[in-house]
Novice: 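Dropping the structure in here first, questions after.
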Amino acid sequence: MLLPYKPQAYQLLHDGALTLAEIEGNGIQIDVEYLDKAIADTNAKIADLNKKLQKSEVVEKWKKAFGHKANLNSNEQLGKVLFEVMGFECPERTDTGRYKTDEKTLASVDHQFVKDWLEIKKLDKAVGTFLMGIRREVFDGLLHPSFNLHLAETFRSSSDSPNFQNLPVRNLEIMTLVRSAIIPRKGRRLIEIDYKGVEVAVAACYHKDPTMITYIKDKTKDMHRDMAAACYKLKVDQVTKMARYAAKNKFVFPQFYGSWYPDCAKSLWQGIDELKLETKNGVPMKQHLASQGITELGECSYKEKPAPGTFAHHIMMVEKHFWGKRFPVYAQWKRDHFERYKTTGYITTKTGFICQGYMKRNEVINYPVQGAAFHALLWALIRMQRAIKKYKMKSLLVGQIHDCVLGDVPENEDAQFCEMAQDIMVDKLMKAWKWLIVPLEIEIEKTPVDGSWNLKACEK
DNA sequence: AAACAGTGCGCG
DNA sequence: AAAGCGCGCACTGTTT
């Protein structure tokens, strides 16, 4: 019988559990007064929006269809009202054949009611899951989320009560609403230190693809920019920040996680309108693509290949080049690694863990990367906590989100804290883990003194 | 009342 | 040959 760890892996989890317990004990300061007001204000806003919604003729149709069972919160009922009663076209079904009613699918329904309904859902989520989730758990002004090491299949961590690892950050309005409640202790800052691109770097330590290693090491090179150029048929100097963002999140990462061209093509094509993409010279992206001979997405069937001249066909070719010509060593590693699993029934991580049991291809490929990337952070957390004690610092570690650590730091320890982080997270770790063959980097963001978490920013 | 499956959505 | 990885939480609608 294979043990699920080697000695060093056991030691990492043991020390990690102790450190995370201390982080939980420290707790995060909450602005309770703000939190209560935010909950009340947001509930009032939702009530207003609901009043507006009630005036819509859609509500009459809804009530007629469902009678006393009508429930405006029900996604299933919304699907029936829109796609059966009102005759809108439903572009996608769920796994069980029901109408899909997530935000992405509903974007195709052009009706004010749907926009208002989604707005309410968004605020409901913010207040119901996040604001109330925090409120329920606060004690004496402190929040003590749990951090678990025994739950994730990949030997990553998880967090609950409340989950500290999924607080809103991508939507400015919702991020501000929720993160304004999270503050440093008096006279201090919150300092968040992230590993930059740690999963890409750790993956490179497994597959050792020379082109990928160059991308990571050479700061003049930029993989996401280059892939934006390829996906949208641009010259490299015509790639905007948004086009790079689209390529990164709709092509590169999905490809790494095991997605493929029909899904990537759809997503990249939708991204053009959603993100209002243009060339750097200001030419709308669809117009630019038309000048390159591409005017339509084309059929994205899983069975037939797309027609030449369509965007889907173009992305198919980009994908072929991506794995066949750009990163062939990475592609070969994926094949070899999966074959090895099929022979032996288990996989090992660079950090000494063993994952066994039934896994799908994409899981086999992703688990060792996801796990080991987190273990870099865990290793550093343990040593940062020890250093804080050793040097009798007043700084406190208060949270952790997979590849970043959150500190609550007095103003006069700011520099010392950041130097310590650089020393442990980068210099010491690179020396300790010989298998790290590409440099890791960190990025530091700070709130103002006494400023809440939504105000975090890079210095300079 | 409690448990369960299904769906949707927040994060890395 | 398959076709996006890992989590936690809230809610609906049904079953126990």
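To find a chain, count down the sequence lines: A is the first, B the second, and so on, and within it residues start at 1. Computation of the quantities below employed the complete heavy-atom set of this structure, encompassing side-chain atoms and omitting hydrogens, waters and symmetry-equivalent molecules. Owing to the predicted nature of the structure, the values given are computational and were not obtained by experimental measurement.
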Novice: Does DNA chain C take part in any stems of at least 3 consecutive Watson-Crick or G-U pairs (both distances under 3.5 Å), and if so, which ones?
Specialist: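 B:1-12 with C:5-16 - these are the stems of 3 or more pairs that involve DNA chain C.
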
Novice: Does OP1 or OP2 of dG13(C) have a side-chain N or O of Ser74(A) closer than 4.0 Å?
Specialist: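 For dG13(C), OP1/OP2 do have a side-chain N/O of Ser74(A) under 4.0 Å.
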
Novice: Look at all strands and tell whether Arg136(A) reaches a base, only sugar-phosphate, or nothing, counting heavy atoms closer than 4.0 Å.
Specialist: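 Sugar-phosphate contact only.
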
Novice: Roughly how many Å is it from CG in Leu78(A) to P in dC11(C), rounded to a whole number?
Specialist: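 Interatomic distance, CG of Leu78(A) to P of dC11(C): 17 Å.
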
Novice: To check you understand the geometry: which heavy-atom pair defines the closest contact between Ala126(A) and Leu177(A), and what is its length?
Specialist: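 Between these two residues, the closest heavy atoms are CB-CD2, 4.0 Å.
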
Novice: Can you check the Lys69(A) NZ to dG13(C) C1' distance for me, whole Å?
Specialist: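 So the two atoms are 9 Å apart, to the nearest Å.
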
Novice: In terms of the angle between their ring planes, are Trp333(A) and Tyr206(A) parallel, tilted or perpendicular, with boundaries placed at 30° and 60°?
Specialist: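 The arrangement is tilted - the two ring planes meet at 30° to 60°.
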
Novice: Any carboxylate oxygen within less than 4.0 angstrom of a Lys/Arg side-chain nitrogen, looking at Lys115(A) and Asp110(A)?
Specialist: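 Looking at Asp110(A) together with Lys115(A), the answer is yes, because their closest N to O distance falls below 4.0 Å.
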
Novice: Thinking salt bridges, do Glu92(A) and Lys266(A) make one under a 4.0 Å N-O criterion?
Specialist: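 Judged by the 4.0 Å cut-off on N to carboxylate O distance, Glu92(A) and Lys266(A) do not form a salt bridge.
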
Novice: Under 3.5 Å, is there a donor on one side chain and an acceptor on the other for Asp160(A) and Asn148(A)?
Specialist: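 The criterion, which ignores hydrogens and geometry beyond distance, is satisfied for Asn148(A) and Asp160(A).
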
Novice: For the pair Lys342(A) and Glu339(A), find out whether any cationic side-chain nitrogen is under 4.0 Å from an anionic carboxylate oxygen.
Specialist: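 Salt bridge: yes.
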
Novice: Quickly work out the Trp323(A) CH2 to dA2(C) C1' distance and round it to whole Å.
Specialist: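 Roughly 14 Å, once rounded to whole Å.
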
Novice: Touch check for Asp124(A), heavy atoms < 4.0 angstrom, all strands: base, sugar-phosphate only, or nothing?
Specialist: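 Here Asp124(A) touches no strand at all.
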
Novice: Measure from CH2 on Trp260(A) to P on dC5(C) and round the result to the nearest Å.
Specialist: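 Interatomic distance, CH2 of Trp260(A) to P of dC5(C): 14 Å.
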
Novice: Using ring-ring contact (aromatic ring centres under 6.0 Å, His included) as the criterion, point out the one residue from Tyr245(A), Phe256(A), Phe253(A), Phe251(A) that pairs with His224(A).
Specialist: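 The option that passes is Phe253(A).
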
Novice: Is the shortest side-chain N to carboxylate O distance from Lys196(A) to Asp403(A) below 4.0 Å?
Specialist: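 Answer for the salt bridge query: no.
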
Novice: From the options Leu440(A), Val405(A), Leu381(A), select the one residue that forms a side chain to side chain contact (heavy atoms under 4.5 Å, CB included) with Met425(A).
Specialist: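 Testing each of Leu440(A), Val405(A), Leu381(A) against Met425(A), the sole residue satisfying side chain to side chain contact (heavy atoms under 4.5 Å, CB included) is Val405(A).
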
Novice: Does this structure show an ion pair linking Glu192(A) with Lys446(A), if we count only N-O contacts that are shorter than 4.0 Å?
Specialist: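 Looking at Glu192(A) and Lys446(A), the cut-off is not met.
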
Novice: For DNA chain B, find the residues of residues 44-54 of chain A with a heavy-atom distance under 4.0 Å and give them by number; none if there aren't any.
Specialist: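 Within residues 44-54 of chain A, no residue comes under 4.0 Å of DNA chain B.
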
Novice: Whole-Å distance between dG8(C) P and Leu149(A) CG?
Specialist: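 To the nearest whole Å, that distance equals 12 Å.
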
Novice: Classify Gln255(A) by what it touches in the nucleic acid, base, sugar-phosphate, or nothing, heavy-atom distance under 4.0 Å.
Specialist: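 Since no nucleic acid heavy atom lies under 4.0 Å of Gln255(A), the category is nothing.
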
Novice: Rounding to the closest angstrom, what is the interatomic distance between dG10(B) and dA3(C) at atom P?
Specialist: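 Approximately 26 Å lies between the P atom of dG10(B) and that of dA3(C).
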
Novice: Would you please test Glu445(A) and Ile191(A) for side chain to side chain contact (heavy atoms under 4.5 Å, CB included) and show each step?
Specialist: CA-CA 6 Å; Glu445(A) 291 172 293; Ile191(A) 300 186; over 6 Å; no

Novice: What distance do Cys264(A) atom SG and Phe311(A) atom CZ have between them, rounded to the nearest 0.5 Å?
Specialist: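 One gets 10.0 Å once the value is rounded to the nearest 0.5 Å.
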
Novice: Looking at Ser259(A), I'd like to know whether one of its side-chain N or O atoms comes within less than 4.0 Å of OP1 or OP2 on dA3(C).
Specialist: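 Answer no for this pair, as no side-chain N or O of Ser259(A) is under 4.0 Å from OP1 or OP2.
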
Novice: Can you tell me how far P of dA2(C) sits from CZ of Phe338(A), to the nearest Å?
Specialist: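 Between P of dA2(C) and CZ of Phe338(A): 10 Å.
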
Novice: If a protein heavy atom is under 4.0 Å from the base, mark B; if only from the sugar-phosphate, S; if neither, -; do that for nucleotides 3-12 of chain B going 5' to 3'.
Specialist: ---SSBBBBB

Novice: Send over the distance from Tyr341(A) OH to dA1(C) C1', rounded to a whole Å.
Specialist: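 Roughly 15 Å, once rounded to whole Å.
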
Novice: Could you tell me how far apart Leu123(A) (CG) and dA10(C) (C1') are, to the nearest whole angstrom?
Specialist: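 It is 15 Å, rounded to the nearest whole Å.
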
Novice: Mind checking Ile365(A) for me? I need base, sugar-phosphate or nothing, with any heavy atom below 4.0 Å counting as a touch.
Specialist: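 Nothing: the residue Ile365(A), judged by heavy atoms under 4.0 Å, touches no strand.
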
Novice: Reckon Tyr367(A) has a side-chain N or O less than 4.0 Å from the OP1 or OP2 of dG6(C)?
Specialist: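 Yes, within the criterion.
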
Novice: Base, sugar-phosphate or nothing for Ser157(A)? Non-hydrogen atoms, less than 4.0 Å.
Specialist: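 The answer is nothing, as Ser157(A) stays clear of every strand by at least 4.0 Å.
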
